[in-house]
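Structure record follows, encoded as structure tokens.
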Amino acid sequence: MDLSAAPRKGLSLFALIMIGLGSIFGSGWLFGAGQAAQVAGPAALVAWVIGAVFIGMIAMSYAEVGAAYPLPGAMARFGSLSHGPVLGFITGWAVWIATASLIPIEAIAGTQYMSSWSFGWARDLVSDGRLTGTGMGMALLLTVALWLACYRSVELLARANNLLTLVKFAIPVLAVGALIASGFHTGNFTAHGGFAPNGWSAVLTAVSASGVVFAFNGFQAVVNLGGAAKNPGRAIPLALVGALSLGLVIYLALQVAFLGAVPPERLAEAGGWSGVNFASPFADLAKLLMLHWVVTMLQFGAFISPNGANIGNVASAAYLAQNLAETGFFPKKIAEVHPRYGVARPAMWLNLGFSVLLLLTVGHSWEALASVVSAAMVVSYLMGPIAVGVFRRTKPDLPRPFRLPAAKILCPITFAFAACALYWSKWPNTGKVALLTLVSVPIAALVLRRRGAGSLRRQFAPAWWMPAFLLWLALLSALGSTEFGGHGVIPGGVDIALVALSAVGFYFWAVRAGVQAHRDGLPGPDPVTGAADRPVPAPRRSETAGAVAA
């Protein structure tokens, strides 16, 4: 089945940028500034810049492979294309889990902001920062309603998303102007402990655990849905740059407005930024400043933004599940596409079931889920730079509409950055995400054995670096400094150096494993050219690891 045939109706570059921007402006702007300020104080501004640089590096590696392989749900397939079916399933599983988890989180965010409405039933949606039974019911209703809205076609998705994104873009811009005009207190940026009251380690934690990475994660929608664009090779990199650039500008403006608008007396009463804890950050702040029209606008935007972002999440998660079915690790029926509407409806049913399960079991608040899901997102980013390194070596003649500059240097640095971001997510989040990802390993073994795929040792050989990497990082996280949730066995500074240096070693191991997988013929025929890979010459003993990564 040609995965791209059904949905390829010709999304324009503008529509693709709107899909990316719409996913970026989900619940992140509603909660991110407040959470980041509470963790890092005014230095949260630095966290947004670091997060944008990190996500930009990841996105550009995915721009090269995504433009070369413009397949819907492509992020679930890169592992299979570079290392064979086992790693393809492990990384596809991680991407699917991270993306499908966004669906209930955005519904929870909309429900939490609805609790600031003046209606009695709305105030009963949240109690002590957690959804009540009524709140869970509302979040479930929003999840199902958005799912139904995306049930017909990708064309409907694009038309609805364009309008919603323009509205979502206007609301935070107006909120920033209103908050700054209400009284901007420059002293807030240096009072109560200075610019970085909780230290620079808190800034790094804010990148991973306070919604920064979560906010920028919308770039994945561009890669996953870029195959439906009119000219994917040109549209994917341009849409990534456009969506991320606009997103950074608005998020910095929101953070500046929030930091400057908090009344100094309220900041003093809270004992500094760590004590400033708003359930609905911007709406509660606007109420405090008596900006009633801003409160109304934010309440409307809080309903539109998460649910608008979920349009891209629902479609992306469906494509990801569809691709996992195409590789044989999910039931084949999940990949069936509706002949008229071009939507994989069985995949959408699977994602709806997963969303409801997550909502009913652990989805009690946005804050409770955001830190764990952010770490899961980072795991899903790992394949981008590695795929670039492998394909540069094994597919030198592959058409590349976009070519990542200085890839020999940027790819290992980007992978090391991703490893650090996962570490900054703090223990035990790192352990939880590692465990959740590694659940896929025994599933892969069972599926391959039932399919009679031959030697499991040969099939698993290119993939062992991933379980080893996750277990190693979880161990470092548990033993690392207390600033990142560890037990303090490894002192601060040394822990991050160990993570970064060891990650570079894992990167070269992963690239070498991918090159060997192509020699063994595990990835199979190229889905774009339709041809088998040409034999890759075995490296001479004098070759360095860096040459292998080229």
Side-chain angles (χ1 to χ4, degrees), residues 35-51 53-55 57-58 190 192-214 271-275 367 370-379 381-382 385 409 412-438 465-510 545:
Q35 291 290 310
Q38 189 177 12
V39 171
L45 291 167
V46 179
W48 287 105
V49 175
I50 293 175
V53 171
F54 163 57
I55 296 297
M57 294 171 66
I58 293 290
T190 54
H192 303 285
F195 184 72
N198 299 322
W200 291 104
S201 63
V203 175
L204 300 178
T205 296
V207 172
S208 295
S210 296
V212 175
V213 166
F214 180 91
W273 289 106
S274 297
E367 294 81 359
S371 59
V372 176
V373 174
S374 294
M377 291 172 183
V378 175
V379 173
Y381 299 157
L382 297 175
I409 299 172
I413 291 176
T414 301
F415 186 83
F417 207 157
C420 289
L422 183 56
Y423 180 79
W424 298 335
S425 299
K426 304 180 76 169
W427 179 264
N429 291 337
T430 48
K432 293 177 181 177
V433 170
L435 179 62
L436 184 62
T437 305
L438 292 176
W465 67 267
M466 175 64 90
F469 170 77
L470 292 174
L471 291 173
W472 169 249
L473 205 63
L475 177 63
L476 288 180
S477 183
L479 299 178
S481 63
T482 56
E483 295 172 323
F484 296 106
H487 293 85
V489 176
I490 304 174
V494 176
D495 53 350
I496 296 179
L498 274 175
V499 170
L501 292 175
S502 62
V504 173
F506 276 104
Y507 170 82
F508 289 127
W509 176 9

Return yes if some donor-acceptor pair links the side-chain N/O of [X] with the main-chain N/O of [Y] below 3.5 Å, else return no.
| X | Y | result |
| --- | --- | --- |
| Glu483 | Ser201 | no |
| Asp495 | Gly493 | yes |
| His487 | Ala478 | yes |
| Thr437 | Val433 | yes |

Which atom pair, heavy atoms only, marks the closest approach of [X] to [Y]?
| X | Y | value |
| --- | --- | --- |
| His192 | Pro197 | O-CB, 3.5 Å |
| Trp48 | Ala36 | NE1-CB, 4.3 Å |
| Ala40 | Asn198 | N-ND2, 4.3 Å |
| Tyr423 | Gly480 | OH-CA, 3.3 Å |
| Val207 | Gly51 | CG1-CA, 4.1 Å |
| Ala37 | Trp273 | O-CB, 3.4 Å |

- Task: Determine, stepwise, if the pair Leu476 / Phe484 fulfils side-chain contact (heavy atoms from CB on, under 4.5 Å).
- Result: CA-CA 10 Å; Leu476 288 180; Phe484 296 106; over 6 Å; no

Nearest-0.5 Å distance that lies between atom [atom1] in [X] and atom [atom2] in [Y]:
| X | Y | atom1 | atom2 | answer |
| --- | --- | --- | --- | --- |
| Thr414 | Ile55 | OG1 | CD1 | 11.0 Å |
| Gln38 | Ser274 | CD | OG | 7.0 Å |
| Ser425 | Leu204 | OG | CG | 11.0 Å |

Sequence neighbours left out, cut at 3.5 Å: what donor-acceptor pairs do the side chains of residues 496-504 make with other protein atoms?
residue : atom : partner : partner atom : Å
Ser502  : OG   : Trp472  : NE1          : 3.0
Ser502  : OG   : Leu498  : O            : 2.6
Ser502  : OG   : Val499  : O            : 3.1

- Item | Validation row: Leu473, Leu422 side chains within 4.5 angstrom (heavy atoms) |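 Counting from C-beta outward, Leu473 and Leu422 do come under 4.5 Å.
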
- Kindly say whether the aromatic ring centers of Phe506 and Phe415 come within a distance under 6.0 Å.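 That pair fails the under 6.0 Å test.
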
- Verdict with reasoning, Phe469 to Trp509, per side-chain contact (heavy atoms from CB on, under 4.5 Å): CA-CA 10 Å; Phe469 170 77; Trp509 176 9; over 6 Å; no

- Item | side-chain contact (heavy atoms from CB on, under 4.5 Å) evaluation trace for Leu479 with Trp427 | CA-CA 9 Å; Leu479 299 178; Trp427 179 264; over 6 Å; no

- Message: Looking at Ile409, I want to see if its CD1 is surrounded by more than 12 non-hydrogen atoms of other residues, nucleotides or ligands under 6.0 Å.
- Response: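 Open: at most 12 neighbouring heavy atoms sit under 6.0 Å from CD1 of Ile409.
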
